[in-house]
Peer 1: 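Got a structure for you, questions after.
Along the sequence shown, residues are numbered consecutively beginning with 1.
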Amino acid sequence: MAITTTSATASATTTTTKATTPNLANALGAGSGVDTTALVKSLVEAQFANQNARLTKKADTLTAQVSAVSELKSGITGFASALTTLAETGGLTTQLSSSSSAVKVSAASGAKVSNLNASVTVARLATAQVAVTKESFSTTGSVGTGTLQLKLGSVGADGTFSANATTIPPITITASDATSLQKVADKITAAKAGVTASVVTDANGQRLVMRSTEGATQAFTLTATNDSGSTGLERLNVDFDTATTDGAEIVTRAGNAVFSVDGVPMVSVSNKITGADGVNLELKAVTTDGPVTLSSSTPTDALKEAVNNVVAAYNEMLASLNKATDPITGDLRADPAALAMKRSLQKLTITDLTGKTDGSPTTLSAIGVATNNDGTLRVDKDLLASALSKNPDAVEAMFAAATGTDGTTGTSLPAALNRISVAAKSTTLGLGASDKRYADAQATLAKEKARVAEQTEQTSTRMTQQFAASEARVAAYKAQQTFMENQIKMWTRSE
């Protein structure tokens with residue numbers, strides 16, 4: 001009886017155990033009473049803690065380095081660009097002025113003009129010969145076919161035209177050309193013989209206007225020869241025979257400009273006169289109220305402000321460099337490009353910025369830009385004022401606009417700064433190369449992070465499986481222990 005009862009109890013106990021057994025995920029810890037899920041997580045984190053800490057630190061370092069490189073490149077580019085723009089606008093160069101709109105004055109390309117003081121009187125402007133056909137042309141009728149012969153030359157005091165030795169090929173007007181006056185005008189211009197033609201329209205129809213270039217030797221005649229059986233081209237004739245009643249009327253005669261500079265008479269075939277001591281003149285009108293005064297003025301205040309602005313920008317740039325290259329805390333303390341850029345910037349005050357050998361100041365330090373003990377710059381106002389008073393041309397030359405496609409050609413400060421900027425952005429030796437190197441390192445680091453993450457997942461899975469198996473065995477042992485304890489209790493009770 002006792003055995004039968006024991007068997008039934010054992011069966012009941014077994015049935016109850018099976019009915020309440022949880023799944024694998026929920027069973028972790030059920031057998032031992034230990035939170036094995038948390039334990040596995042802690043063990044895995046501990047195993048990969050050093051690797052993850054190292055990768056995180058390396059990632060933070062690379063991010064800081066990339067940011068520092070970007071800041072330095074942006075800083076030097078902005079510094080150089082701002083100075084280049086200032087130099088190219090002309091605000092730091094000697095300004096030429098005219099007391100009247102009758103004469104426009106400017107500096108020749110690449111020329112340096114100082115102490116300009118001259119007077120100009122314009123007696124006559126250079127003119128081009130202009131001829132207009134007397135007869136109007138219909139927009140539907142034929143102009144006529146044949147040839148047009150242009151001749152260039154000059155007109156004497158007696159009104160007689162003298163052709164020069166230039167041979168101009170005849171201009172052929174075909175039936176297709178003759179369908180419109182505009183096509184004839186285009187043929188004359190296309191000959192490139194020194195005469196251009198255009199068409200004007202008034203209430204009576206169309207007329208042809210022919211114009212030469214300026215200068216007394218640019219007078220011209222045009223002689224039309226009709227094809228056999230054709231008429232009409234003779235209406236385009238241009239000559240200086242006052243007895244001729246047909247053809248074109250000469251409304252303006254070709255002539256030279258007549259003017260004087262400081263009382264010295266001069267003649268020019270054009271109203272644009274170049275090559276006079278680096279000064280270009282453009283005669284705009286005859287002077288009627290006395291001579292026009294030409295003068296120059298050095299932009300002393302603008303140059304003084306430019307020097308102070310350069311010093312301020314330099315100190316700001318240096319602060320960024322010092323922070324980035326600090327031997328202890330600098331993100332770029334071991335970056336060769338950042339260190340090279342700093343060395344280049346620190347040489348600016350002693351760099352020859354004019355190339356002159358006449359004893360005038362050639363460096364920033366010579367005009368009052370001094371270096372403090374910490375490497376920053378300051379402006380000696382008295383020394384700068386003296387340099388601007390005694391050698392304004394030298395100070396101006398230091399800020400001359402650079403040339404070349406990248407603005408690095410020349411000895412001036414803008415050119416020197418542009419060279420530093422270009423070197424900094426170089427992808428071979430400059431910060432551009434550093435930027436690429438750090439970006440590559442970030443890409444490699446990302447792969448390493450992915451590998452560690454995969455290893456972490458695999459380790460976690462393996463440990464979870466191991467602990468699950470262990471928990472299953474512990475649960476079985478506990479179930480057996482409970483069964484035996486129950487049996488013993490029943491045996492003891494039956495006795």
Peer 1: Sort out for me which residue in Thr409, Thr84, Thr77 forms a side chain to side chain donor-acceptor pair (under 3.5 Å) with Asn418.
Peer 2: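 When Thr409, Thr84, Thr77 are each tested with Asn418, the side chain to side chain donor-acceptor pair (under 3.5 Å) holds only for Thr84.
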Peer 1: Let me confirm one number: the CG-CG distance from Leu83 to Leu413, rounded to the nearest 0.5 Å.
Peer 2: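 Going from the CG atom of Leu83 to the CG atom of Leu413 covers 5.0 Å.
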Peer 1: Distance check, rounded to the nearest 0.5 Å: Thr371 atom OG1 versus Asp374 atom CG?
Peer 2: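 If I round to the nearest 0.5 Å, the distance is 9.5 Å.
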Peer 1: CG of Asp289: more than 12 outside heavy atoms within 6.0 angstrom?
Peer 2: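 No, not enclosed.
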Peer 1: How many angstroms lie between CZ in Arg333 and CG in Asp326, if you round to the nearest 0.5 Å?
Peer 2: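 Spacing of CZ (Arg333) from CG (Asp326) equals 8.5 Å.
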Peer 1: If you measure from the Lys or Arg side-chain nitrogens to the Asp or Glu carboxylate oxygens, is any gap between Glu448 and Arg451 under 4.0 Å?
Peer 2: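 So Glu448 pairs with Arg451 through a salt bridge.
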Peer 1: Do you know which of Leu181, Val132, Leu222 makes side-chain contact (heavy atoms from CB on, under 4.5 Å) with Leu208?
Peer 2: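 The residue from Leu181, Val132, Leu222 that satisfies side-chain contact (heavy atoms from CB on, under 4.5 Å) with Leu208 turns out to be Leu181.
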Peer 1: When you check the side-chain N and O atoms of Thr174 and Ser176, is any donor under 3.5 Å from an acceptor?
Peer 2: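 The answer is no; no qualifying pair exists.
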Peer 1: I'd like to know if the side chain of Ser360 pairs up with that of Asp393 as donor and acceptor (distance under 3.5 Å, no hydrogens or angles considered).
Peer 2: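 Absent: no donor and acceptor within the cut-off.
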Peer 1: Just checking, any donor-acceptor pair under 3.5 angstrom between side chains of Thr196 and Thr189?
Peer 2: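 No, because no side-chain N or O of Thr196 sits under 3.5 Å from a partner of the opposite role on Thr189.
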Peer 1: What are the two closest heavy atoms between Lys342 and Leu321, and how far apart are they?
Peer 2: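 Shortest heavy-atom separation between Lys342 and Leu321 comes out as CA-CD1, 3.8 Å.
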Peer 1: Take atom NZ of Lys104 as the centre, draw a 6.0 Å sphere, and report whether it contains more than 12 heavy atoms from other residues, nucleotides or ligands.
Peer 2: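 Not buried by this count: 12 neighbours or fewer within 6.0 Å.
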Peer 1: So for atom CD, which belongs to Gln149, do other residues, nucleotides or ligands contribute more than 12 heavy atoms lying within a distance under 6.0 Å?
Peer 2: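 Buried by this count: over 12 neighbours within 6.0 Å.
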Peer 1: With the side chain counted from C-beta on, respond yes when Leu294 and Leu96 share a heavy-atom pair under 4.5 Å apart, and no when they do not.
Peer 2: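 Not in contact.
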Peer 1: Around Gln458, counting heavy atoms of other residues, nucleotides and ligands shown, do more than 12 lie under 6.0 Å from its CD?
Peer 2: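 Yes, because the 6.0 Å sphere around CD of Gln458 holds more than 12 heavy atoms from other groups.
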Peer 1: With a 3.5 Å cut-off and no angle check, do the side chains of Ser434 and Asp335 form a donor-acceptor pair?
Peer 2: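 On atom types as modelled, these side chains qualify, holding a pair under 3.5 Å.
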Peer 1: Would you indicate whether the side-chain heavy atoms of Met398 and Pro361 approach each other to under 4.5 Å?
Peer 2: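 They are in side-chain contact.
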Peer 1: Taking it one step at a time, do Thr349 and Thr363 satisfy side chain to side chain contact (heavy atoms under 4.5 Å, CB included)?
Peer 2: CA-CA 6 Å; Thr349 58; Thr363 64; over 6 Å; no
Peer 1: Could you check Val452 against Lys449 for side chain to side chain contact (heavy atoms under 4.5 Å, CB included), going step by step and ending with a plain yes or no?
Peer 2: CA-CA 5 Å; Val452 171; Lys449 280 185 174 182; 5.9 Å; no
Peer 1: Tell me the closest heavy-atom pair linking Val238 and Phe220, and the distance in Å.
Peer 2: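 In this case the closest contact between Val238 and Phe220 is CG1-O, 3.8 Å.
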Peer 1: Give the minimum heavy-atom separation between Thr354 and Ala394, together with the two atoms involved.
Peer 2: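 Thr354 and Ala394 have their closest heavy atoms at CG2-O, 3.7 Å.
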Peer 1: If I compare all heavy atoms of Ala402 with all of Ser412, which pair ends up nearest, and what's the gap?
Peer 2: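 Minimum heavy-atom contact is N-OG, 4.3 Å.
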Peer 1: Mind running side chain to side chain contact (heavy atoms under 4.5 Å, CB included) on Val103 and Leu283 for me, showing each step along the way?
Peer 2: CA-CA 5 Å; Val103 180; Leu283 309 181; 4.3 Å; yes
Peer 1: Can you establish whether the number of heavy atoms outside Asn115 located under 6.0 Å from its atom CG is more than 12?
Peer 2: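 Open.
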Peer 1: With distance as the sole criterion, is a donor-acceptor pair present between the side chains of Thr94 and Glu396 under 3.5 Å?
Peer 2: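 A pair is found: one side chain offers a donor N or O, the other an acceptor, under 3.5 Å apart.
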Peer 1: Should the heavy atoms of other residues, nucleotides or ligands under 6.0 Å from NZ of Lys73 be counted, would the total exceed 12?
Peer 2: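 Yes, because the 6.0 Å sphere around NZ of Lys73 holds more than 12 heavy atoms from other groups.
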Peer 1: Looking at every heavy atom in both Ala193 and Leu150, which two are closest together, and how far apart are they?
Peer 2: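 Smallest heavy-atom distance, with atoms named: CB-CD1, 4.0 Å.
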Peer 1: So with a 6.0 Å cut-off around NZ of Lys187, is the heavy-atom count from everything else above 12?
Peer 2: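 Yes.
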Peer 1: Quick check on Lys304: does its NZ atom have over 12 non-hydrogen neighbours (other residues, nucleotides or ligands) under 6.0 Å away?
Peer 2: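 No, because the 6.0 Å sphere around NZ of Lys304 holds 12 heavy atoms or fewer from other groups.
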Peer 1: Tell me, do Val269 and Asn256 make a side-chain contact under 4.5 Å, heavy atoms counted?
Peer 2: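 They are in side-chain contact.
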Peer 1: For the pair Arg54 and Asn50, evaluate side chain to side chain contact (heavy atoms under 4.5 Å, CB included) and give the outcome as yes or no after the intermediate values.
Peer 2: CA-CA 6 Å; Arg54 176 180 61 81; Asn50 289 337; over 6 Å; no
Peer 1: Any idea which heavy atoms bring Val184 and Asp177 closest together, and the distance?
Peer 2: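 Shortest heavy-atom separation between Val184 and Asp177 comes out as CG2-O, 3.8 Å.
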